[in-house]
Structures are given as structure tokens and as C-alpha cells.
Amino acid sequence: MPKNALGWLFPRGETYAISRALFLRGLGVIFFIAILSWWVQVDELVGSEGLVPMGEFLERVGEALDDQERSRFGNLPTIFWINAGDAFLHIVCLIGLILSVLLIAGLIPGPALLGLWFVYLSLVGTGGPFMSFQWDILLLEAGFLGIWLAPWRRWHLAIRGRVAALTWGETAMLWLAWFVIAKLMFQSGWVKLAWATEQQPEWWPEFSAMTFHYFTQPIPNSLSWHLHQMPEWYHKAELVPMYFVELVLPLFVFLGSRFRLIAALGFAGLMFGILLTGNYTYFNWLTIVLCLPLVADRYWYFLRKLPEKLRKKAKSTGSGPRPNPVPSGENWISLAWRAPVVVLLVFLNGHTCLADWHRASQSVPNPVLPATHLPWDLTPNWTDEFRAKFYPWNLCSGYGLFRTMTITRPEIVFEGSPDGVEWREYDVRWKPDALDEPPPLVAPHQPRVAWQLWFAALEPGYHPRSRNAQWMSNLVRGLLENDPVALSFFEENPFPDQSPKFVRAALYHYEFTTAEEKRESGNWWKRERQGLWLPTIGKN
């Protein structure tokens, strides 16, 4: 092989040791945020007295798997098969935070990431509908990559002075990390075009999606209201850079270090814009962390305050101080024990992309852009079956953020009554119930009930077979009993002295007020009642 055959990937002298160290530490920060956010609400969500008790769920699943003579752990990998009690749940969350701190400090990165990935896999697997978001799966995919990208031969990550160079095996995982961020961004742009129909033309060809986005997103913030007031031409113009970042810049990932730097800056810029105008939990920060491996070390050196001697060396060599070299034998060992994982992840990522592109042709009738669909099924049945074996482990996933645009904002508003005549509203924390409350700033914390209520409102009404039925039923039952767990999701209890005799859920359509309406009324929102989402429920 010619000496520079891989020059398009790694120009001579190019290293990614600092980028690797920053990426792994960044994952530690994201895991810390995600686990802490889950921990502070875990009792109310999946505790023994929560909306979807984890112990009851595991008992049902365990019995079903035993009847089918299938492995419990193999089909639902979670540490909570050992113990599903509340105390153990808190211990696992605490262990996750400790491992996160160790990783942030750069200590035992490999074991810390392995533990963090399994802790979060356990939480996701037992979190029911409250742990079903794309960023939860993305964090698991990124965490699994981090396990194999970490320098297991060292017990500390250094970003000052000399750092550990990547071995051949770690370099292969670095390439996969590049592919994951390119996949995430490209798929997010592709789905907007692939799912465009005459009935849903907001992303394409009408370019009107952003005229609805700011007030229909799950939890807007105050800046969302201000941007919603911009003229229509501005909202249409917003889509041009977005499509460039999501559809063109992913190709830059494969064109060399300078193009990768441009891609990283573009991806991060888009994420900063989104996090400033909405509450998308830790997702935007996770995506920015995924951009870090794209940046070659020489760009980090120029951003740091280096001694004059090192700056001159960086300028002359184009790479800055070199990491410690890796012995040839260590390179071969590193590649050998990672090779099966590399092959598996290459297969899973390729299969995921091909399957998603073909699925669009089966799922979208009369698309506006049929060229965005893959008409051929390039994934034989045996590959589908093989990939299915790894579903429970969340090693790889397809993504499609904002696949379609919601053009109205339905909101579920709970109401209670002592007599069936007088009705009082419950104000859900973080949700736009009260018209005069400004949209909150809550990210990177994710109030999971508030998020799930947004999805539940998209359903025409309560249905016992809905994935939201169990927790919704338990929430309503708790309101009828003035249960502290149910009431914890609301700003205050409108029935402090005696529990209500009746509870119902009304459906409203909410929309931001105009600037003139806000000046006159002081309200951020306006709404119109549509009817009942949940009919009146009384005590037995």
C-alpha cells in the first residue's frame, strides 16, 4: 500500500489524541447530566410508588420470557434483574454519577465507560415510555463507542503536554465515531425530505416548517416566543443553512481534516442555535461532544496558550507536539481484540442506514421527493434476524429528528372538581398551562412527564391500548386521591384540603400570542378549547 494511501483520512503528521481525550471527558459530562436528571425524578416515574413501577414491569416481562424459555438478561439486559427495589435503584444511579466524575477527571476511562454504558442501558431498559427518546439511544451508542475508543492500556487521560496516541484499533473506532455523527446529521436532514408529502409539505416544498416550530416544540423557552414573531421570509430562510449542515456537511467528514473541522463547526453551530431556542434536554450538548473527534489535534494546539517554542513547532509541522508513539506490537494487539467489535458495528450501521432508506418507500405514500427513497430491499431476511439479536443492547440506531412538523399545539389540561360543576385546573410543571407564564428554561434537565404529555396530546384521546395508558391512568388515580407522587408533577394542588371527587382532561390548542397581544394582555400564550381528551372520571 502506498505510504499516503490513507492521506485523505490522516494527512501526514495528523493526530487525534487530544480530540479523543476531550470526547471521552465530554461523554462523562453528558452521562452525569443524564443520570442525575433521571435520578431526581426516578421515584415518581419508576419507583415502587411511581407511575410505571419498575418492579411490576420486570415481573411481567420475566414471566413472559420464562414461558417462552428465553433468556431474561439476553432480551432485557439490565442490572435490575438482581434487585428491583427502590434503594438499589438509587444505588445504581449513585454509582453512575461516581463513574461519570471519574471519567470527567480522566481516571480509568475504559472501565468507567463500560460501567456507565451498562448503568444507562439498565435505566433505559426499565424506564418504559419515559426512557424512549432518541437521545437516550444515541447516548448508549456513543457510550459503547467510547468503551472501545478509550485507551485501556492507560489509566488516565491527559490533555496537557504529551497524550496517549491512538493505536490502530482505537483509530478504527475513531472512524466509526466519525460515521456516527455523520449518520445522525444526514439522517436528520434526509427524513425531512423523505417524509414530505402533499399532506405534509412543511419541510418541503413549502419551507413553512419553522413558522410552526417555535410554538409547537415540546418545551419552548422565552427566546422561542421572540423568534416566532419574525416574518415568514425569515423562517423560510432558516431552512437553507439547516439543510446545508444536515445534508452537505456530513459528506465533509470523509474528505480530510480541514473539511472535518468545517463539519464540526457547522454541526456545533446548528446545535447551539437549537439549544438557545428550545429545551432539548442534553441532546444538543451530546451532539456537540460527538463533534469533538472530528477536530485534529493541531487545531486544539492553536487554540491553547502554548509556550512560544511549541507554537513555532506547531506552525512549522502543522501538528503541534507529537503524542507518545505506540509500539508496533501494541498496535497489533489493540487492533486484534477490537476487530470483532469493529466488524459488528460496521455491519449494524450499514444495515441500519439501508433499512431506513428502504423503509421510507414502504411508509410514505405519494412522496414529494421519491428520489429520497431506496426502492430496493438490500437487507436480506437473515441480516434482519442477525441485527435483531442486538436490538436489546442499543449498539446502533437510526435517527430522524423532526421527521414531520406538527402545525398545531394540542395540550392536555387536567381539571378536578368537588361536585362535577365547579372545575379547577392543575398546572403541570414546565408545560404552557397558565397563559401568563413565560416559557421556561429547563434544559439540560428533562422533565420526563412534561415531555410525555406532549406526545400524549398528539393522540386523539385516551385509549387503554396506548403506550401512555398505564402511567396516565395511575396519574389520574393519584389526583383523585391527592397522592403526593401524582401531585409532584404539578405546580400546586388546587384541592389542598380535600381531594377532588372528579377528574377529567380537557384538550386545548395553544399558540404564542403576537407582540401586540402580549403588550395588551401580558400573556405569552393564547388557547382555544377543543373538547375532552379524557372523559370525567369519578371515585369508586
Side-chain angles (χ1 to χ4, degrees), residues 34 36-54 56-57 86 89-90 93 123 126-133 136 217-221 279-281 409-417 423-435 437-459 462 466-500 502-508 510 525 527 532-534 537 539:
L36 179 61
S37 175
W38 180 252
W39 192 8
V40 298
Q41 53 192 321
V42 72
D43 284 328
E44 293 79 9
L45 297 179
V46 299
S48 58
E49 303 296 326
L51 297 182
V52 284
M54 179 181 64
E56 296 178 10
F57 167 73
D86 292 348
L89 178 57
H90 287 278
C93 290
L123 297 175
T126 55
F130 300 115
M131 269 284 194
S132 59
F133 297 92
D136 294 319
Q217 61 181 309
I219 304 181
N221 60 24
N279 290 286
Y280 288 97
T281 71
R409 185 185 187 89
E411 284 287 353
I412 297 171
V413 178
F414 294 95
E415 300 173 337
S417 173
W423 292 90
R424 306 173 198 169
E425 292 187 4
Y426 291 85
D427 188 359
V428 180
R429 295 183 189 275
W430 313 115
K431 293 291 285 179
D433 295 332
L435 302 182
E437 289 183 357
L441 180 63
V442 60
H445 173 58
Q446 182 178 2
R448 301 271 175 165
V449 165
W451 266 86
Q452 206 57 39
L453 277 170
W454 184 87
F455 286 99
L458 300 179
E459 301 172 359
Y462 174 85
S466 166
R467 66 195 301 268
N468 295 302
Q470 181 187 4
W471 71 264
M472 185 67 74
S473 299
N474 289 338
L475 180 62
V476 171
R477 187 180 301 112
L479 293 180
L480 286 169
E481 299 171 355
N482 262 0
D483 178 61
V485 170
L487 292 170
S488 68
F489 301 110
F490 300 90
E491 293 288 351
E492 60 182 22
N493 181 10
F495 300 93
D497 300 322
Q498 187 176 6
S499 61
F502 304 96
V503 169
R504 68 187 184 187
L507 186 68
Y508 285 86
Y510 275 66
W525 296 96
R527 70 181 187 179
L532 290 180
W533 188 88
L534 175 70
I537 304 295
K539 293 181 178 178

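Computed over heavy atoms, backbone and side chain alike; hydrogens, waters and symmetry mates excluded.
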Atom of [X], atom of [Y] and distance for their closest heavy-atom approach:
| X | Y | result |
| --- | --- | --- |
| Ala486 | Leu479 | CB-N, 3.9 Å |
| Asn482 | Pro500 | OD1-CD, 3.9 Å |
| Val442 | Pro447 | CG2-CD, 3.9 Å |
| Ser48 | Asp86 | OG-OD2, 2.6 Å |
| Ala506 | Glu415 | CB-OE2, 3.9 Å |

Just verifying a value: how many Å separate [X] [atom1] and [Y] [atom2], rounded to the nearest 0.5 Å?
| X | Y | atom1 | atom2 | answer |
| --- | --- | --- | --- | --- |
| Leu45 | Leu123 | CG | CG | 11.5 Å |
| Arg409 | Tyr508 | CZ | OH | 15.5 Å |
| Gln41 | Leu51 | CD | CG | 10.5 Å |
| Phe502 | Leu480 | CZ | CG | 9.5 Å |
| Leu507 | Leu532 | CG | CG | 9.0 Å |

Which class fits the ring pair [X] and [Y]: parallel under 30°, tilted 30 to 60°, perpendicular over 60°?
| X | Y | value |
| --- | --- | --- |
| Tyr426 | Phe495 | tilted |
| Trp533 | Tyr462 | perpendicular |
| Phe133 | Phe455 | tilted |

Query - For Arg429, all residues meeting side chain to side chain contact (heavy atoms under 4.5 Å, CB included), sequence neighbours excluded - result: Glu491
Query - All side-chain hydrogen bond (donor to acceptor under 3.5 Å, both in side chains) counterparts of Asp483, not counting sequence neighbours - result: none
Does the side chain of [X] reach to within under 4.5 Å of the side chain of [Y], using non-hydrogen atoms?
| X | Y | value |
| --- | --- | --- |
| Phe489 | Trp430 | no |
| Leu453 | Phe414 | yes |
| Pro410 | Leu458 | yes |
| Leu475 | Phe490 | yes |
| Ser488 | Asp43 | no |
| Phe57 | Val46 | no |
| Arg448 | Trp38 | yes |
| Glu44 | Val449 | no |

Query raised in the report: Will you find, in the side chains of His445 and Asn279, an N or O donor that is under 3.5 Å from an N or O acceptor?
Result: no
Query raised in the report: Ignoring hydrogens and geometry, is there a side-chain-to-backbone donor-acceptor pair from Asn221 to Leu441 under 3.5 Å?
Result: no
Report task. Please check if the side chain of Thr281 supplies one atom and the backbone of Gln446 the other of a donor-acceptor pair under 3.5 Å. Result -> no
Query raised in the report: Can you name the ring-ring contact (aromatic ring centres under 6.0 Å, His included) partners of Phe130, sequence neighbours left out?
Result: Trp471
Requested in this report: Check the pair Met472, Ser466 against side chain to side chain contact (heavy atoms under 4.5 Å, CB included), reporting the backbone distance first and the verdict last.
Outcome: CA-CA 10 Å; Met472 185 67 74; Ser466 166; over 6 Å; no
Report summary line: Which of Arg527, Lys431, Arg504 passes salt bridge (Lys or Arg N to Asp or Glu O under 4.0 Å) with Glu425? It is Arg527
